[in-house]
Every structure is written in C-alpha cells, then in structure tokens.
Amino acid sequence: MSRSYLFIPGNTPSMIQNLDVFESDSVIIDFEDSVISYDKDAARILINNFLKKFSFKEFDIYIRINDSLNPNFLKDVQATIDLDITGYVLPKAGLEAIEELNKHIDNKLIIPIIESPLALLKAEDIAQSNNVSGLLLGAEDYTKELGINRTLNGTEILYARSYIAIICNAYGIESIDTPYTNKDDEIGLREDSINAKNLGFTAKALIHPNQVDIVNDVFSPSTEEIFQAKRIIKKSEESNKGAFSLDGKMIDLPIIEKAKKVLEKAKKYNL
Amino acid sequence: MSNLNKRKIKVIKSIDELFKLIDINDFTNISFHHHLRNGDGVINYVLDKYLREGVNNLNLFPSSIFPSYTKILELIKNEQVNNITTNYLNGPVAEYISNNGLPGMLTMQTHGGRARATIEGINEIDITFIAAPYANIYGDAIGYLGKNRCGSLGYIIPDSKHAKLKVLVTDNLVKDYLENPEINGENIDYILEVDSIGDKSGIVSGTTQITTNPIGVKIAKNTSRLLFELGLIKPGFSFQSGAGGVSLRATKDLKDIMIKENIKASFFSGGITKYHVEMLEMGLVEKLYDVQCFDLEAVDSLSKNINHIPISASDYANPNNPNQVIKDLDMVILGATEIDYNFNVNVTTDSHQTLIGGSGGHSDTATESKVSVIVSPLIKGRIPVIKERVTTITTLGKNIDCFVTERGIAINPLRTDLLELLKDSKLKIYTIKELSEIAHKYTKVPKESLKRDKIIGEVVDRTFEVIDNIYQK
C-alpha cells in the first residue's frame with residue numbers, strides 16, 4: 001500500500017544516492033525511458049552495486065525494466081533478480097509479457113503499465129495475473145496510440161482512469177494514476193491528484209521529488225476521515241451488529257470495511 | 001521642510017580634479033561600499049587613479065569585494081596594496097590572495113564588526129568614496145532612487161561619519177530637499193559628479209532565487225518544520241534569512257505556515273529580496289529593516305513603502321550599539337560551506353583553502369538571534385559538509401544552535417532547552433557526529449590536505465577577537 005510512486009532515473013548517482021530522502025512511499029528506479037540506450041549497462045551496474053551496499057526498510061523499491069520485446073529486458077531482470085527490491089514495473093504490459101516476466105522472478109511483485117488501448121481492454125485479465133499487485137496508467141503512450149492530445153482537465157483519459165480504478169478495486173490491487181508532467185505546477189498537481197482519488201485511485205506515480213508532498217497529502221485520509229472512521233469502528237464494536245445508525249446515517253459492512261482501511265492507512269503513515 | 005541653512009558641498013567633475021585639491025599620498029586608507037555589487041563602477045574608477053599615480057602602501061577597506069572589482073587585483077599585482085580589510089570576497093581577487101597572500105594581512109570582519117571598528121577608530125579610514133545613486137547639492141544621499149539605484153546604503157553610513165575625508169560619488173545630482181537621507185550632507189566634504197556610478201542590474205545575484213532542487217526543498221521543509229516545532233513561529237516573531245536558494249525556500253515555507261496559521265511577524269532584517277517584500281505587502285510582516293537589497297524589487301519597495309526601512313550597519317549589527325536590530329531577532333537561517341563537530345561554521349574558504357566568501361552578517365546574527373539555524377546538504381559534490389574541524393572558522397560553534405540537512409537535524413548540545421522541546425518530535429534528530437557518519441557511509445572519510453605554513457589573514461569576530469587564521473594555499 002503506497003500513496004506515491006516516484007520515478008528516479010537509474011543512471012543518475014546524485015538522485016540514486018538520495019532516494020531515501022524524498023519521502024515517497026515507493027520508489028521506481030527507471031531503466032526504461034529516462035535512460036538512453038548507451039547508458040543502460042551503466043544503470044544496471046550502478047543499481048546493482050548500490051542496492052547490494054544499501055538496504056531500505058522505510059519504503060518499497062521497484063525497478064522499471066525495459067519491455068519484454070526489448071533486448072535489454074532480460075539483462076535488466078538478471079542484473080536485479082538477487083536484489084532486495086519489492087518488484088518490477090513492466091512497461092507496455094500485456095498478458096504474454098507478464099507471463100514472460102513471471103518465468104524469471106520469484107517472490108517479486110509486478111506492476112504492469114497500462115499504456116495502450118489493447119492493454120486497457122485486457123486490463124481485467126492482467127489484474128488477475130500472477131504476482132500483479134497493482135496497475136499503473138501510462139497516459140502519455142496511451143493517448144499517443146489513440147492519436148489524441150493530452151489536456152489539462154484530462155477528459156481524454158477519463159474512461160481509462162475510471163476503468164482501471166474499477167478493475168483494481170474489484171480485484172483488491174493498487175490503482176496507480178498516471179504522472180502529472182508539469183513539475184512546477186503545484187495547483188494543477190493537487191487538482192489532478194484529487195480527481196484521480198475521486199475516481200477510485202489509491203496512488204499516483206510521480207516524475208519529480210518535489211511532487212511527493214502534495215500526492216502523499218491528497219492520498220492520505222484527512223483528520224476528519226480518521227476521526228469518523230474511529231467512531232464507526234468503536235460503535236461497530238460496541239453495538240456488535242452488522243448494521244447500525246450513526247448521526248442518523250445507516251452504517252453497514254462496506255462502510256465498516258472502508259473505515260478499517262482508513263485506519264490502516266493512518267497507522268501506516270503515522271497520521 | 002527646505003534647504004535653508006544647508007551648506008552647499010563643493011562639486012567636482014573628475015577624480016583628477018579631486019586630487020588637485022588634496023594630495024593623493026595623504027589618503028592611502030580607502031573605503032568603499034559594495035551595495036552595487038557586480039554593477040559597481042566607482043571602485044574601479046577611483047582605484048585607477050591610484051594605479052596611474054603609482055601610490056604605494058595602500059590599505060583598502062571595501063565592505064565586500066566582487067569579481068568585477070578588477071582594479072583591486074591590478075593594484076595588488078602591482079605591489080601597491082599592503083592590507084585589505086573586508087567582510088566578504090570572491091572572484092579573481094580572492095583567488096589571487098588565497099594563492100599569494102598580501103604584503104600585509106587580509107582581515108575578515110563581520111558587517112557589525114566593521115561598523116564597530118569604523119566608529120571606534122580601529123579601521124582608520126583616510127578617505128571614503130560613497131557611490132550615491134541619488135544625491136543633492138547639500139551632500140544628502142539615498143540609495144533607492146536614481147537611474148543606478150541599489151537600495152539601502154547601510155554598510156557605508158559609519159564611514160560617512162568617521163572617515164577623515166568623505167567623498168560622495170554620484171551620477172544623479174539634484175537640487176531638491178531630501179527627507180530622511182541615508183547619508184547626511186553635514187558629514188560630506190566633496191561631491192564627485194560622474195557620468196555613471198555603475199549598472200544597477202549588477203546588484204542581482206544568481207543565488208537569490210528560491211531553489212527547486214529537491215534536496216534544497218527537503219532541507220527547507222525540515223527547517224520550517226523545526227522552527228514550527230520549536231514554537232518560534234508565533235505572532236510577533238522576528239526572522240532573518242540569507243539570500244541563498246535554500247534559505248529563500250525556507251522563507252517561502254514559513255510564509256505558507258504563517259498564512260495557514262494566521263500569524264503575523266514583527267520584522268525581517270538583513271539582506272532583503274522580493275520574497276520578503278511580497279510578505280510585507282501581503283501584511284505577513286510589519287517591518288523590513290534593510291541593510292542591503294538583493295534585487296531591484298527590494299530597491300523599488302524601499303522607495304514606496306514606509307515600513308520598508310533602510311538602516312545602517314551599526315543599527316543593524318554593531319554589538320556596541322544598544323539599538324542594533326538583530327538583538328531582537330528570534331531566529332536566523334544561514335548557510336555553511338563546512339561545519340564541524342563543535343558546530344563551528346566556515347563560509348570564508350572552501351575545503352581547498354580558496355577564499356570564497358566571508359562572514360557578512362553570519363557571525364553577527366548567529367550570535368544575537370535566539371535560535372540560529374544552519375542549512376546545508378549533508379554531502380556537497382561528493383564531499384561531506386561536516387568535518388572534524390572546519391578549514392576556517394567564520395562563526396564560532398557556541399553561537400550555532402541547529403544544523404539542518406536533508407537527512408536530519410543536529411542540535412548543539414549546549415542548547416539543552418531546544419533538545420527538550422524536540423524530545424517527542426517526529427523530526428529526525430541526530431548528534432552531529434551521527435550525521436557525519438551517515439555522510440561517510442556514502443563518501444568514506446575524505447583525506448585532509450591542508451597547508452598551514454603561512455598565515456595570510458585572520459578572521460576577526462565582532463568582539464574583535466581573532467577566531468581563526470587564514471593560510472596560504
């Protein structure tokens with residue numbers, strides 16, 4: 001369970017050295033788009049050495065490897081399979097690609113990136129694949145394949161967002177929204193994050209460390225939500241009934257389960 | 001008000017004309033201010049005359065030295081300069097002195113210490129040349145009007161009263177009455193009217209922008225959290241920050257807290273930027289006490305906002321001045337090139353002993369404020385900022401209270417009161433040695449390669465105590 005997934009280029013020592021500084025719940029070390037082809041080897045060597053020397057318990061580490069049709073795919077997996085990481089982020093994900101990755105890994109999670117119309121159509125099957133712990137919407141490639149432009153209000157990805165959020169919630173996995181690419185627009189980032197949260201996303205991917213605070217804030221339960229959740233759980237324990245009334249509103253099992261989730265998040269993030 | 005009873009000052013039209021009236025060889029202890037920073041044209045104009053005349057045994061007292069002050073380097077190379085007393089220097093002059101020293105000594109004072117030394121006659125100044133963006137024929141002057149306005153003239157006000165001869169240098173001479181002039185014409189001996197005193201755009205430093213570097217942002221966030229948890233951000237608090245990107249980011253974070261908590265500060269002091277001005281205009285702070293403007297927005301604010309007040313270096317930080325503004329400071333945020341296990345801070349030299357700055361108001365404000373906070377990345381360019389002993393002490397560790405990095409915070413063990421306040425804090429609090437060990441996990445312990453053979457200068461605190469020597473590289 002993470003609120004923020006921060007991408008960090010795998011070939012930048014000054015960023016790698018500080019990956020525990022930025023307070024992101026998860027860090028995605030990138031071997032794909034942010035690393036130019038002639039630097040992929042260097043990134044693998046750097047990360048292998050770094051993560052063998054330093055281990056981190058306060059946050060999860062994922063590695064975005066190159067896609068399964070890329071010649072770097074296997075090299076990326078082999079260079080990192082023995083490292084203490086939570087899992088892999090798989091670009092251009094499809095059922096075959098996930099199957100291929102599963103052949104090489106053990107005890108590692110997979111977060112497929114849904115970044116094509118076909119992947120979106122297959123998202124329900126992808127969500128049920130082995131080791132898949134969440135889906136990440138890759139809106140830039142998705143809209144590129146559709147041949148449409150991105151807009152500030154994100155109308156063009158509304159369906160994809162809604163669909164992914166529904167599927168992830170249906171199968172109990174993480175739903176991770178696409179990054180907000182204007183790193184200097186704090187107001188836009190907050191609005192975009194709130195929109196994603198309101199559609200059912202549990203987290204958001206980030207492309208810059210300065211975005212972490214806002215995203216963590218939006219995806220954290222508010223003080224009021226925590227207060228209300230505590231009241232619901234207390235009343236539930238006291239009444240010992242499946243359904244009861246609180247402040248004139250009916251409280252039943254789904255609401256009690258939701259309150260438990262809120263408190264679980266609050267505990268995890270020390271809120 | 002009028003100019004009745006005011007004495008007209010003799011106006012001269014060139015430096016050559018001035019030295020026809022007085023013997024240049026009688027005026028070898030020379031002072032300047034640096035308010036125009038890299039845009040200053042007066043220092044080079046005046047010193048070119050000393051160069052041409054071949055005057056020797058010069059002792060220079062510029063409040064700071066910037067890269068554009070090229071005539072100083074020419075005079076040094078020409079062996080015409082004995083001693084330099086200043087508060088800050090960087091660029092070619094600093095590099096040359098680091099490598100070669102001076103025939104005499106480099107004396108690094110603080111801003112408050114310079115004011116005190118000038119007033120008390122320790123700095124024996126024969127002649128001061130005061131670049132004045134706006135002056136009248138009675139010798140009154142201000143810095144915040146005129147085509148080359150630079151803002152406050154705070155650092156030169158003690159010189160304008162205590163130098164043996166005072167020369168106002170202006171490119172904007174008027175006949176009008178000047179209300180509340182910074183430089184009082186009663187003290188002025190000559191007005192030197194020139195075509196240009198420099199270029200006002202040169203006052204803007206590249207560092208006076210809020211940082212967006214994620215490490216700097218994290219340090220700033222830790223700083224504002226620390227100040228908040230210490231209970232310092234409360235109605236009527238007072239504050240000073242440097243003009244570095246991290247300090248300004250911390251100021252912005254402070255602003256956000258003030259808005260959220262509906263808190264208004266009493267005053268900000270020191271070097272003023274557009275960010276401080278914005279907070280004044282938003283009503284978040286009552287007054288700005290300005291000894292130096294760091295950008296043109298601050299300069300313009302001085303001319304139109306009565307709560308933005310220019311002050312002299314003595315009123316700012318002279319320890320013997322009972323009205324010094326900084327004695328009422330609640331907190332100050334300052335930078336560091338190095339800090340050591342005893343919390344001594346260096347902002348004078350780099351780790352290779354090259355002069356890169358100086359105290360300015362660092363030691364003054366750290367000494368006087370209730371809480372002094374040093375902000376710095378734990379590792380700079382693969383070198384840990386914490387050392388067993390700093391290369392050069394600029395500010396004594398006993399005056400430093402908190403050291404904030406991206407990875408955690410160290411509190412000076414002398415401040416048991418602060419440690420008590422933070423005992424239940426969620427902030428990561430370490431000892432300074434623990435922070436150092438965290439850095440060494442990444443960098444190992446760097447090998448020292450300092451030369452301590454020849455002393456070329458000394459760091460003099462505002463108390464006049466020599467707190468460290470500066471060695472030739």
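Residue numbering restarts at 1 for every chain, and letters A, B, ... go by the order of the sequence lines. All values below were derived from every heavy atom in this structure, side-chain atoms included, with hydrogens, water molecules and symmetry-related copies excluded.
Shown here is A/Lys258, whose NZ atom has no more than 12 heavy atoms of other residues, nucleotides or ligands within 6.0 Å. The 12-atom threshold is exceeded at CG of B/Asp256, counting heavy atoms of other residues, nucleotides or ligands nearer than 6.0 Å. Around the CD atom of A/Glu58, the shell of radius 6.0 Å holds no more than 12 heavy atoms that belong to other residues, nucleotides or ligands. A/Asn198 CG: more than 12 foreign heavy atoms inside a 6.0 Å radius. When the shell of 6.0 Å around CZ of B/Phe228 is examined, it contains 12 or fewer heavy atoms from other residues, nucleotides or ligands. Other residues, nucleotides and ligands contribute only 12 or fewer heavy atoms inside 6.0 Å of the CZ atom of B/Arg382. A 6.0 Å sphere centred on CD of B/Glu281 holds more than 12 heavy atoms belonging to other residues, nucleotides or ligands.
In this structure, the separation between OH on B/Tyr442 and CG on A/Asn18 is 7.0 Å, given to the nearest 0.5 Å. Annotation: the span from B/Thr443 atom OG1 to A/Gln17 atom CD amounts to 8.5 Å, rounded to 0.5 Å.
The pair A/Glu23-B/Arg225 meets the salt-bridge criterion, with a side-chain N (NZ, NE, NH1 or NH2) lying under 4.0 Å from an Asp/Glu carboxylate O.
In this structure, the side chains of A/Phe22 and B/Ile215 come closer than 4.5 Å at one or more pairs of heavy atoms.
Closest approach of B/Lys218 to A/Val21, counting heavy atoms only: NZ-O, 2.6 Å. Contact detail for B/Lys441 and A/Lys53: the closest heavy-atom pair is O-CE, 3.8 Å. Minimum interatomic distance between A/His208 and B/Thr212 (heavy atoms only, all atoms of both residues): CE1-O, 4.0 Å. Shortest non-hydrogen contact noted between A/Asn270 and B/Lys426 is O-NZ, 3.3 Å.
Looking at B/Ile379, the atoms closer than 4.5 Å to chain A (heavy atoms on both sides) all sit in the side chain, from C-beta outward.
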